[in-house]
Number of protein chains: 2
Amino acid sequence: METLRERKKQRTREALLRAALELFTTRGYERTTVDDIAEAVGVSQRTFFRYFAGKEEAAFAVQDLVEERFVAAVRARPAGETPLEALRHALTEGWDTLSEAVEDVVPVELYLRMYRLVESTPALLAAHLRRSAGTEDRIARVLAAREGLDVDADPRPRIAVAVFGGVMRVTERQWSLGEDFSLDAIRALTTAYLDQVGPALTGDWRPV
Amino acid sequence: METLRERKKQRTREALLRAALELFTTRGYERTTVDDIAEAVGVSQRTFFRYFAGKEEAAFAVQDLVEERFVAAVRARPAGETPLEALRHALTEGWDTLSEAVEDVVPVELYLRMYRLVESTPALLAAHLRRSAGTEDRIARVLAAREGLDVDADPRPRIAVAVFGGVMRVTERQWSLGEDFSLDAIRALTTAYLDQVGPALTGDWRPV
DNA sequence: AGGCTAGTGACAGTCGCTGACAATTGACAA
DNA sequence: TTGTCAATTGTCAGCGACTGTCACTAGCCT
């Protein structure tokens, strides 16, 4: 029971988002102007900026959704799990249900193409890393709360999350450089790399 | 035995850099225009862009130097050390000799003020994280070479560096939020946090 | 039906940044 | 010294991201 106005706004936003991602992933991020996006949807440039604070925000609108789900998933993990277990399970669980969640907004395939584009576009990579830092901060707070610690007094929550996040970034990069751009591929890579944290911190890196 | 032209260029670049950092740290990064910097030095805006690719490059010119030294330090570490030992020692060694290295270009105090500004300026933080990612990549290659591994086949070098880098970012953040902005403070924080990696990855976070 | 207001377009302006061209200034040989 | 060449710089024009302003239109509500 929503008003016509709201439906119209929703549709405009969705059209802008989809057009933006489509243009970004085909033509490239830098080579896509805001005017291009606005024109593709048939609105003025000014209207684009009323829906998105900038190109960047449009580029990460879906990613926002995904990360929000991840934070929620961590929060929902049973208290019996250790922090790292909670992170890991929340993550794999997130991959499992990602398709349905994303598909509500844009085709998953478009999201994955965008995800790859981020790695190869310096401006987007920078934005992504900064946003990840923000998400990591929130997760550190969740973990600290789970364990009854003060996140500002005890560095362990932040460090654990930073380590986890670091591995995820390596994973993303490797995935985007590979040839299998499926969800299964990134899921497999994720677990494989998380298993390598222990060995990586060990002194002896005997060739495998 | 350098020509007058070269000396003049050197002085212009130095003046631009110093003016930029001074303005950034007093007025703020976003609130400083390139015209401001150029005018402070008495050159045209176009000339600024002939010395620096953009505001960002000026902001990180000193940091470039510092990171370059760090990479070199890692490369110079004795082969007997484990990868993590090498990183840690290169880092603390870097702090020890930072003043002399930086002071050749700008006052250390200015550099440290800039370093703090990065944490509180989203645009700079994003740029910093992207640049750090680049540095981490280079270090991963150095470590892989040290251990005779293929950095693209074995994920351990990248993971180890990502973990190390993650801890460093947490350290930087905490330092910039604290009250002691001395080099000693950041050095102490660095070693303290690195010692927390083990405990942070452990399951039980019993309140201290 | 008519007033109210959210949403939009049109316009002007700022700032980062780039290309092109002309003017200047140091380098170097005659 | 002077003239030539090349490097450095300033000026100007223009693009793209983004913002403020204001008038206008279209949905909402009585």
Side-chain angles (χ1 to χ4, degrees), chain A residues 1-17 19-21 23-24 26-61 117-118 121-128 130-131, chain B residues 1-17 19-21 23-24 26-61 117-118 121-128 130-131:
Chain A
M1 116 130 269
E2 43 177 21
T3 167
L4 167 64
R5 231 181 221 164
E6 282 164 338
R7 249 176 299 143
K8 230 174 168 178
K9 268 180 65 175
Q10 200 57 36
R11 264 191 293 124
T12 304
R13 191 193 139 86
E14 209 170 296
L16 280 171
L17 180 56
L21 298 193
L23 285 169
F24 289 161
T26 54
R27 192 180 307 180
Y29 179 72
E30 325 256 11
R31 288 155 49 88
T32 303
T33 73
V34 174
D35 285 306
D36 290 337
I37 303 169
E39 195 185 358
V41 177
V43 298
S44 72
Q45 189 216 49
R46 197 66 184 83
T47 292
F48 173 89
F49 285 110
R50 290 201 176 95
Y51 283 91
F52 300 97
K55 274 172 76 174
E56 189 187 300
E57 192 176 299
F60 289 106
L117 181 66
V118 169
T121 308
L124 285 179
L125 180 57
H128 175 56
R130 189 199 53 207
R131 292 164 37 84
Chain B
M1 181 79 263
E2 42 177 19
T3 168
L4 166 64
R5 232 178 218 167
E6 282 165 337
R7 249 176 299 143
K8 227 174 170 180
K9 267 180 66 175
Q10 200 57 37
R11 265 192 291 124
T12 304
R13 191 193 139 87
E14 210 169 296
L16 281 170
L17 179 55
L21 297 193
L23 285 168
F24 290 161
T26 56
R27 193 181 305 181
Y29 179 72
E30 326 256 12
R31 287 155 49 88
T32 302
T33 72
V34 174
D35 285 308
D36 290 337
I37 303 169
E39 194 186 358
V41 177
V43 297
S44 72
Q45 189 218 49
R46 197 65 184 82
T47 293
F48 172 89
F49 284 109
R50 290 202 175 94
Y51 283 92
F52 300 97
K55 274 172 75 174
E56 190 187 301
E57 192 175 297
F60 289 105
L117 181 65
V118 170
T121 307
L124 286 179
L125 180 58
H128 174 56
R130 188 198 54 207
R131 292 164 36 84

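In what follows, chains are A, B, ... by sequence order, proteins preceding strands, each numbered from 1.
- The nearest whole Å value for the distance from the NZ atom in A:Lys55 to the C1' atom in C:dG16 is 13 Å.
- Summarising the geometry, the separation between CZ on B:Phe49 and P on D:dT11 is reported as 16 Å, rounded to the nearest angstrom.
- Counting atom types as modelled, A:Arg31 pairs no side-chain N or O with a base atom of D:dG16 as donor and acceptor under 3.5 Å.
- In this model, the phosphate group of D:dT8 is not approached by any side-chain N or O of B:Tyr51 to a distance below 4.0 Å at OP1 or OP2.
- In terms of phosphate contacts, B:Lys9 brings no side-chain nitrogen or oxygen within less than 4.0 Å of OP1 or OP2 of D:dA7.
- Residue A:Thr33 is in sugar-phosphate contact alone, with no base atom involved, counting any heavy-atom pair closer than 4.0 Å across all strands shown.
- When the shell of 6.0 Å around CZ of A:Arg31 is examined, it contains 12 or fewer heavy atoms from other residues, nucleotides or ligands.
- In this structure the side chain of A:Glu56 reaches within 4.5 angstrom of the side chain of A:Tyr29, judged on heavy atoms.
- Rounded to whole Å, atom C1' of D:dT9 lies 17 Å from atom CD of B:Glu39.
- Computed from coordinates, the B:Phe24 CZ to C:dC15 C1' distance equals 13 Å when rounded to whole Å.
- Atom-to-atom, CD of A:Gln45 to P of C:dA12 comes out at 14 Å; the value is rounded to the nearest Å.
- Atom CG of B:Asp36 and atom OG1 of B:Thr32 lie 6.0 Å apart (nearest 0.5 Å).
- Rounded to the nearest 0.5 Å, atoms CG (A:Leu17) and CZ (A:Phe48) are 9.0 Å apart.
- Between the side chain of A:Arg7 and the base of D:dG27, no donor-acceptor pair of N or O atoms lies under 3.5 Å.
- In terms of phosphate contacts, A:Lys8 brings a side-chain nitrogen or oxygen within less than 4.0 Å of OP1 or OP2 of D:dG27.
- If you take CD of B:Glu6 and C1' of D:dT9, they are 17 Å apart, rounded to a whole angstrom.
- The shortest side-chain heavy-atom distance between A:Val118 and A:Phe60 falls under the 4.5 Å cut-off.
- Using a 4.0 Å heavy-atom cutoff across all strands shown, B:Phe52 reaches no nucleic acid atom at all.
- Contact of B:Arg46 with C:dG19 (side chain to base): a donor-acceptor pair of N or O atoms is detected under 3.5 Å.
- Residue B:Gln10 contributes atom CD, which lies 12 Å from atom P of D:dT8 at whole-angstrom precision.
- Across the protein-nucleic acid pair, A:Asp36 atom CG and D:dC15 atom C1' stand 12 Å apart, rounded to whole Å.
- Sequence order on DNA chain C of the closest nucleotides to B:Glu56 and A:Arg5 puts A:Arg5 first from the 5' end.
- Nucleic acid contact for B:Phe48: none, since no nucleic acid atom lies under 4.0 Å from a heavy atom of the residue.
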